[in-house]
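The structure is given below, and queries will be raised subsequently.
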There are 2 protein chains.
Amino acid sequence: MHSFAEENYLKTILKLHLCGVQVITTNELAEAMHTKASSVTDMLKKLAAKKLLKYEPYKGCLLTNSGKTVATNTLRKHRLWETFLVNTLSFSWDEVHEVAEQLEHIQSDKLIQQLDVFLGFPTHDPHGDPIPQLDGKIAASPFFTLDKAKPDKQLVVCGVLNHSPDFLKYLTQYGIQIGSHLKMIQINAFDSSIALVLDQKQPLNLSKEVVKNLLVKYNTNQYE
Amino acid sequence: MHSFAEENYLKTILKLHLCGVQVITTNELAEAMHTKASSVTDMLKKLAAKKLLKYEPYKGCLLTNSGKTVATNTLRKHRLWETFLVNTLSFSWDEVHEVAEQLEHIQSDKLIQQLDVFLGFPTHDPHGDPIPQLDGKIAASPFFTLDKAKPDKQLVVCGVLNHSPDFLKYLTQYGIQIGSHLKMIQINAFDSSIALVLDQKQPLNLSKEVVKNLLVKYNTNQYE
DNA sequence: TAGCTTTTTTAGACAAGTCTAAATATTTTT
DNA sequence: AAAAATATTTAGACTTGTCTAAAAAAGCTA
Ligand SMILES: [Mn+2]
Ligand SMILES: [Mn+2]
Ligand SMILES: [Mn+2]
Ligand SMILES: [Mn+2]
């Protein structure tokens, strides 16, 4: 139906939209796609001709409903495959992205449907990102970054904003994973680093770069 | 590393080799690939330039060791994925081929390694074809077609030569699957059809077209 | 061996996707 | 408002893989 390249463009546009970018410019998209602006222009024309997005030269682009459907479905496949790789095939969360980039383009409704069943209808992928449902709905994230948390309250790690293997390995090394419990002690004014306690044990200091990429929530049901 | 097209050509050449075709001609390959002879010539030149096969104009082609490695690995991936689809995701054996044609091109050694572990190191795919092992070894088939069987001996269905969904659905409809037990009664001289008994119950008549595509073996351990 | 048929290769075209370099638009500065 | 800087698009080229039509080679036939 659609080529890998088309699906990749549409998915990237959707992800920029989900990150709050309203109008997507050619250069932004070129950077996100690791390609050149001229290539982006060519592709935007093609996608506009297929009515997958609206494109006004020099004005940027916006997904149409059918473009949104393709993009959401590709994102759903990506995140279901990442979940499969971690839950079923013992991959770590820093190894799955590259493989899921390939698997997300496999065309088979039955395959994805059965994968969803097999995995038990997961709602979030190994990075804490919501998995778009079959009807296209994507749950809004109720999480916030660690630097916004109030001190001395129990927190649970729920996701990451940066998905680079380096960052994910760094977290793993310090024992931080999805579901980890922690308590923010204080923000150090000097370098904006954060002092915290992990799993009621280790005190830990995290730089502002790390803290701004860690999604958490308050632990409401502490004895669950 | 290699494109989908290259992998498909190499895999098809290997499969022709495994079917006993010695020298593979341009037209044979074109028919097997559902493409034109001119396209085949172009690709053979490219694959020869990459030392994946030897190609002499007008003389046909032969895989080199490195070409054989790529082809075998692609076939291994195809058959492991088919096994996954049937065993884990509840596909039927007539639905898997098209999806496996896509999945066989995913590039990740760890993925295939872990899939193999997860599936329990299967030796045969859902059609009874041997799964090439990691070292490239492909088990020779000890099976024979039903028309070669001696009458009145217990047989076990072990594979199929024709993989078309029509044929596979036909077998399923008559209760024939891998592992089915049957006994050949007689060959009808008039139309070369075969009378047999399935699972110690139903008598059944199968046409010569069906019989020549059914692989069986003698049931040595009847009480296993 | 000359002539016909079949097979295979070559020539030239096209589509998808990308790139560099050059030309326009747009935005920001002065 | 004109000049300068930046963003975007266009022009032209290249790669991969495919096709049709024409040319060349190989294989038969008599
Ligand atoms: Mn990912
Ligand atoms: Mn993810
Ligand atoms: Mn198959
Ligand atoms: Mn098979």
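Order of the sequence lines fixes the chain letters, A, B, ..., with proteins taken first and strands second; residue numbering starts at 1 for each chain.
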### Query
Is Lys36(B) near enough to dT20(D) that one of its side-chain N or O atoms lies under 4.0 angstrom from OP1 or OP2?
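Indeed, a polar side-chain atom of Lys36(B) lies that close.
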
#### Entry: Nucleotide dT16(D), atom C1' - distance to CE of Met1(B) in whole Å
17 Å

### Message
Heavy-atom nearest nucleotide on DNA chain C for Ser3(A) versus Pro57(A): which residue maps closer to 5'?
### Response
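Going by which nucleotide is closer to the 5' end, it is Ser3(A).
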
### Message
For a quick check under 3.5 Å, do Ser164(A) and Asn162(A) share a side-chain donor-acceptor pair by atom type?
### Response
yes

### Message
Can a donor-acceptor pair be found, under 3.5 Å and without considering hydrogens, that links the side chain of Gln102(A) to the backbone of Gln107(B)?
### Response
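Yes.
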
### Query
Contact class for Lys59(A) (heavy atom, under 4.0 Å): base, sugar-phosphate, or nothing?
nothing

### Query
Is it true that atom CG of Asp191(B) has more than 12 heavy atoms of other residues, nucleotides or ligands lying nearer than 6.0 Å?
yes

### Message
Between Thr35(A) and dC19(C), is there a contact of a side-chain N or O with OP1 or OP2 at under 4.0 Å?
### Response
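It does, given that an N or O in the side chain of Thr35(A) lies less than 4.0 Å from OP1 or OP2 of dC19(C).
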
### Task
Please work out which residues in residues 4-17 of chain B have a non-hydrogen atom less than 4.0 Å from an atom of DNA chain D and list them by number.
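Residues of residues 4-17 of chain B under 4.0 Å from DNA chain D: Ala5(B), Tyr9(B).
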
### Task
Return the value, rounded to whole Å, for the distance between atom CG of Leu29(B) and atom P of dT7(C).
15 Å

### Task
Whole angstrom is fine here: how far is it from CD1 in Ile24(A) over to C1' in dT8(D)?
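Result: 16 Å.
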
### Verdict with reasoning, Ser92(A) to Asp94(A), per side chain to side chain donor-acceptor pair (under 3.5 Å)
CA-CA 5 Å; Ser92(A) 53; Asp94(A) 53 90; 3.3 Å; yes

### Task
Report yes if at least one side-chain N or O of Tyr58(B) is closer than 4.0 Å to OP1 or OP2 of dT6(C); otherwise report no.
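False: Tyr58(B) side-chain N/O out of range (4.0 Å or more) of dT6(C) OP1/OP2.
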
### Task
Specify the separation, in whole Å, of atom CD of Glu31(A) and atom P of dT6(D).
16 Å

#### Entry: Test of ring centre spacing under 6.0 Å for His97(B) and His78(B)
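Yes.
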
### Query
Hey, is the side chain of Asn27(B) poking within less than 4.0 Å of OP1 or OP2 on dT8(C), counting only N and O atoms?
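Yes, because at least one side-chain N or O of Asn27(B) sits under 4.0 Å from OP1 or OP2 of dT8(C).
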
### Query
Counting only non-hydrogen atoms, which of residues 37-44 of chain B are less than 4.0 Å from DNA chain C?
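Result for residues 37-44 of chain B: Ala37(B), Ser38(B), Thr41(B), sorted by number.
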
### Query
Rounded to whole angstrom units, what separation is found between the NZ atom of Lys50(B) and the P atom of dT15(D)?
13 Å

### Query
Relative to each other, are the rings of Phe143(B) and His124(B) parallel, tilted or perpendicular (30° and 60° limits)?
tilted

### Query
Taking the side chain of Tyr55(A) as heavy atoms from C-beta outward, which of dT9(C), dT9(D), dT8(C) is closest to it?
dT9(D)

### Task
Pick out which of Glu6(B), His105(B), Glu101(B) makes a side chain to side chain donor-acceptor pair (under 3.5 Å) with Lys11(B).
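The single option meeting the side chain to side chain donor-acceptor pair (under 3.5 Å) with Lys11(B) is Glu101(B).
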
### Task
Please work out which of the three classes, parallel, tilted or perpendicular, describes the rings of Tyr170(B) and Tyr174(B), given edges at 30° and 60°.
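Taking Tyr170(B) first and then Tyr174(B), their aromatic rings sit tilted (interplane angle of 30° to 60°).
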
### Task
Could you check if a side-chain atom of Leu206(B) sits within less than 4.5 angstrom of a side-chain atom of Ile176(B), using non-hydrogen atoms only?
yes

